[in-house]
Amino acid sequence: MDNNAPGSGGFKGGLGNLFGGSAPEYSNTELAGVPLTGMSPLSPYLNVDPRYLVQDTDEFILPTGASKTRGRFELAFFTIGGCCITGAAFGTVNGLRLGLKDTRDMGWSKPRNVQILNMVTRQGASWANTLGSVALLYSVFGVAIEKARGAEDDVNTVAAGTLTGMLFKATGGLKGVARGGLAGLAMSSAYALYNNWDHLTGSSSSSSLY
């Protein structure tokens, strides 16, 4: 057998390298033009700048042109569910308080327990329905205004809050609509101010330096 054949040479080099011998010499001319930076010629794909492997920010898989923040439609489900749960929890505590207050003259018996349980259930369902309806109206108005204006800013928040208060109190006549609109305007404005408080304080402090 010819020891200079490519197959036998590669086999000998592999055995020599395996048992501590000298490393085989690469005769493949395809690796001649590969730039190497202190690395053994294993693969041309290993010549990578490590700066590209460090990510300082979070990476998101998003469609082209989409933002990294969730829109009003995505937040609507969380808002409605959170308000329902909050209303149910508050109504449960309030119903327990009212039940204990209304039955304080009764001894601990089955009729008193049933009456307290009925009060807790009624108050929990009522508050969950109320806050859930408000959250649903606010989310619908917010999504509709965002689609109509084509922008997402605090104007949508204030407008959606005002319209929600007006529609929620529409059964109370013009005075009810006015009071509901003012309440929605005040709450939505306070929420917008809270979200932009850091930006406002940062702008005021930077302007005072000059």
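Since we're looking at a predicted model, the values are computed, not measured. What you see below is based on every heavy atom in this structure, not just the backbone, and it leaves out hydrogens, waters and symmetry mates.
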Inset, instruction - State plainly whether one hydrophobic cluster holds both Leu137 and Ile145, where clusters connect Ile, Leu, Val, Met, Phe, Trp and Tyr through side-chain heavy atoms under 4.5 angstrom apart. - result: yes
Inset, instruction - Give a yes or no on whether Phe168 and Met187 share a hydrophobic cluster (residues Ile, Leu, Val, Met, Phe, Trp, Tyr; joining criterion: side-chain heavy atoms under 4.5 Å apart). - result: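 Different clusters.
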For the side chain of [X] and the backbone of [Y], is there at least one donor-acceptor N/O pair under 3.5 Å apart?
X	Y	answer
Ser126	Arg122	no
Arg104	Lys101	yes
Asn196	Ala192	yes
Ser139	Leu136	no

Would you check if there is a donor-acceptor pair between the side chains of [Y] and [X] at a distance under 3.5 Å?
X	Y	value
Asn195	Asp154	no
Thr157	Arg72	yes
Gln123	Asn94	yes

Inset, instruction - Quick one: list whatever passes side chain to side chain contact (heavy atoms under 4.5 Å, CB included) with Cys83, sequence neighbours left out. - result: Thr79, Leu131, Ala135
Any side-chain heavy-atom pair from [X] and [Y] closer than 4.5 angstrom?
X	Y	value
Phe141	Leu167	yes
Leu174	Arg179	no
Glu152	Asn156	yes
Val177	Lys169	no

Do you know which two heavy atoms are closest between [X] and [Y], and how far apart they sit?
X	Y	result
Cys84	Gly132	SG-CA, 3.6 Å
Gly184	Ser188	O-OG, 2.7 Å
Met119	Gly95	CG-O, 3.2 Å
Val134	Thr164	O-CG2, 3.6 Å
Trp127	Gly87	CB-O, 3.1 Å

Spacing of [X] atom [atom1] and [Y] atom [atom2] [to the nearest 0.5 Å]:
X	Y	atom1	atom2	value
Leu100	Gln115	CG	CD	10.5 Å
Asp153	Glu146	CG	CD	9.5 Å
Leu98	Ile116	CG	CD1	11.0 Å

Inset, instruction - Would you please test Trp108 and Asn113 for side-chain contact (heavy atoms from CB on, under 4.5 Å) and show each step? - result: CA-CA 7 Å; Trp108 285 104; Asn113 296 337; 3.6 Å; yes
